[in-house]
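Convention: sequence-line order gives letters A, B, ...; per-chain numbering from 1. Only heavy atoms go into these numbers, but all of them, side chains included; no hydrogens, no water, no symmetry mates.
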2 protein chains.
Amino acid sequence: MKRPNSAEGRVRRSRVTSFDVAEAAGVSQSTVSRALAGSPSITDETRARVEAAAARLGYHVDARAARLRSGRTGTLAIVVVGRTGFDPTRVSGFHYALLGSTCAAAAECGYQSLVSFQSDPGEFGWNYFAQGQADGLVVMGTSVNRAAWADLLKTDPEGPVAVWGAPHDDGRWVRADNARGAQLAVERLVNAGYRRIGFLGTVDSEHPQFAERYQGYRETLMHSGLPAIEPFDVSGADRVAGGREAIERLLALPEPPDAVFAANDAIALGALEALDRAGVRVPNDFGVVGFDGLAAGVHAHPPLTTIEPDFAEAGRALVSRIFDPEGEPTRRVPVQLIERGSVRPAR
Amino acid sequence: MKRPNSAEGRVRRSRVTSFDVAEAAGVSQSTVSRALAGSPSITDETRARVEAAAARLGYHVDARAARLRSGRTGTLAIVVVGRTGFDPTRVSGFHYALLGSTCAAAAECGYQSLVSFQSDPGEFGWNYFAQGQADGLVVMGTSVNRAAWADLLKTDPEGPVAVWGAPHDDGRWVRADNARGAQLAVERLVNAGYRRIGFLGTVDSEHPQFAERYQGYRETLMHSGLPAIEPFDVSGADRVAGGREAIERLLALPEPPDAVFAANDAIALGALEALDRAGVRVPNDFGVVGFDGLAAGVHAHPPLTTIEPDFAEAGRALVSRIFDPEGEPTRRVPVQLIERGSVRPAR
DNA sequence: ATGAAAGCGCTAACAC
DNA sequence: GTGTTAGCGCTTTCAT
């Protein structure tokens, strides 16, 4: 049994290698590798001996060597895209939750998660494949960072990629079931007896998620025989402020709505603030439903009723788009109405 | 120039290697390595030639090989510890913020972040060093997960470790400046004219952070000539519910306090709810200060005044404990009073 | 079912 | 300042 790694009889090897385990277990080094990798062609008895020896010596497979040799990394790269010019880690609670779920989903598949927060040109980097750092890439973040999404599209890393939040449809996206969410939200408002239901959020091609929610809002209202209203624009980076301002414009109308479906929870939270300030009683005189299931909504006044995507499923959908590209992976993540308190009881 | 990696003249190499770049640039492979690694012993002219060739061929250093050879990984492992029995990714916004800041701090030092969420025995794993997966380990999370912290202590991974949230003092901790935070909070309440100021939070050896905050609370009150009160216990996994219940007990007292410093924002948020429900007007008749700077506090009713640690510094402190163990790294992260609205103006 | 041998692509020690 | 050489520790053929 040759041991190319070191001369026999040295005082102390710095690291326990598979050769040490092989020697201790009385097998060859390749048997150690196979036994520990769970190869079916190894006797239970041999495997037990190898495992015992490994445990005794405190041996652990060196991931660096395993990766170099096998070409795989067992790692999923996750990039969280923030708003240009802002601290890249100050992303919304929604993206943190989605990040967590994606890490968990990766772990379920035996993958580790390499996480990076990026918001500015110059710090963009999707090059995980060429550098042998990951076997897959998930990019999630705000659609408003045009530069980041454009850069991703341009770079087009050659490896499996899944995306949440991109303003473009390049076939790698996973999204909430926005149509269904809008339907749940609007039906709930209708059933509560609100009669003029508005939509808070910018609707254009750069906000496909919002556009889908608006579309669902329109269709559901039509089915209910109620009028859909032109969306109240919420532009600007600060969604909360945007929600506030939208409500101010809305209340100044001759015939203001008596409820809104907000394109997301940040907008809804701003709306709640402005309504409170204007003395409008929520939910009695005005209903609000958000979208995202933000934790902050729990402590709002009143607590925000919202549409929450199934985060665990969202993580799994992103991961499965990458590691089971054959299977028909979910692109639409199921959503749920979370009753909290910004909509009065159904009639 | 030998190319052990492949016979010359093969049809197509699957991967561009440093040998290809060397050939294209007319230098040796090791010069390519040095040039791209930024070695100072390479001429600007040579480096330029190498970089041009690398760019032309689309070459990128293979991290797997570089790591195997150098023994380093350029990676920081970050473990987020959640509550036993709960979804490991449903951790508080505080820990998500700290996670983000730590990733950012690691990136500042040129390190990548390998993130993992762990909450249950059986899924614990701190073994990043033996497996050659990371050069450092940051563990952060809730002190209530006894099993996790005990397991970390027992396993004692042999490599640089830094910790936030552990109930034990093993010399690797980084924490908020809890004493200073408590002082800022209590002084603010005193200046607003509240006269019976309570503390919401369990104070025992398993909650060193809370104990430090209580200690700071006591000392500041003494300096102000006001009475300190025995802490209102907040046990149970759900801090928000705990805060609610603590307020109920507090209000039932013959001489209830007229303000509280809550050991953290979750407790404070629960307190705010219970006060609202009881018809106590905050901040006019009752002051509340929290701790953590939770985003949810912004939308509470009223918005929660709180003590916020400098997250960016917290991340840097954790990372520097690992990568500059020589320098005297910050163990106490500075805090700041964030005025929001749950304390009335100072007199 | 196991062993022998061949590298994965790079960094670093050593020469010059 | 650059070239030569020797592995890092493993997985994976290919034999047997």
Qualifying residues under salt bridge (Lys or Arg N to Asp or Glu O under 4.0 Å), relative to A:D151, sequence neighbours excluded
A:K154

Given 3.5 Å as the limit, does a donor-acceptor pair link the side chain of A:R172 with the main chain of A:I322, or not?
no

Between P on C:dG9 and CG on B:L57, what's the gap in Å once rounded to a whole number?
15 Å

Please name all residues satisfying salt bridge (Lys or Arg N to Asp or Glu O under 4.0 Å) with A:D44, sequence neighbours left out, ordered by chain then number.
none

Nearest-nucleotide check on DNA chain C, B:Y59 vs A:P40; residue mapping nearer the 5' end is A:P40

Which nucleotide wins on minimum distance to the side chain of B:V27, given the candidates D:dG9, C:dG9, D:dG3?
D:dG3

So which pairs with a foot in residues 111-140 of chain B pass salt bridge (charged side-chain N to carboxylate O under 4.0 Å, His left out), sequence neighbours left out?
none

Run the salt bridge (Lys or Arg N to Asp or Glu O under 4.0 Å) test against B:R49 and tell me which residues pass, sequence neighbours left out.
B:E45

Please list every donor-acceptor pair under 3.5 Å in which a side-chain atom of residues 99-107 of chain A meets a protein atom from a residue at least two apart or in another chain.
unit_1 : atom_1 : unit_2 : atom_2 : d
A:S101 : OG     : A:A97  : O      : 3.0
A:S101 : OG     : A:F311 : O      : 3.4
A:T102 : OG1    : A:L98  : O      : 2.6

Value in whole Å for how far the P atom of C:dT11 lies from CZ of B:R64
13 Å

Could you tell me whether A:Y128 and A:W126 have their ring centroids closer than 6.0 angstrom?
no

Suppose the criterion is salt bridge (charged side-chain N to carboxylate O under 4.0 Å, His left out): which pairs have a residue in residues 68-80 of chain B, not counting sequence neighbours?
none

In whole angstrom, give the distance that lies between atom CD of B:Q131 and atom C1' of D:dG9.
14 Å

Among D:dG9, C:dG3, D:dT11, which nucleotide sits nearest the side chain of A:A66?
D:dT11

Is A:T43 touching bases, backbone alone, or none of the nucleic acid, heavy atoms closer than 4.0 Å?
sugar-phosphate

With axes from five pairs an end, tell me the bend angle of the helix from C:dA1-D:dT16 to C:dC16-D:dG1, nearest 10°.
20°

How is A:L68 classified with respect to the nucleic acid when contacts are heavy atoms under 4.0 Å: base, sugar-phosphate, or nothing?
base

Tabulate atom names and distances for all N/O pairs under 3.5 angstrom spanning the protein and nucleotides 12-16 of chain D.
unit_1 : atom_1 : unit_2 : atom_2 : d
D:dT12 : OP1    : A:R72  : NH2    : 2.5
D:dT12 : O4'    : A:R69  : NH2    : 3.3
D:dT13 : O4     : A:R34  : NH1    : 3.4

Nucleotide C:dA5, atom C1' - distance to CZ of A:F19 in whole Å:
10 Å

Whole-Å gap separating C1' (C:dA12) and CG (B:L36)
16 Å

Test: salt bridge (charged side-chain N to carboxylate O under 4.0 Å, His left out). Region: residues 104-117 of chain A. Which pairs qualify, not counting sequence neighbours?
A:E108-A:R316

Return the value, rounded to whole Å, for the distance between atom CD of B:Q133 and atom P of D:dG9.
15 Å

D:dG3 phosphate, OP1 or OP2, under 4.0 Å from B:S28 side-chain N/O:
yes

side-chain N/O A:S18 vs D:dC10 OP1/OP2, d < 4.0 Å:
yes

So what does B:S39 touch, heavy atoms closer than 4.0 Å: a base, only the sugar-phosphate, or nothing?
nothing

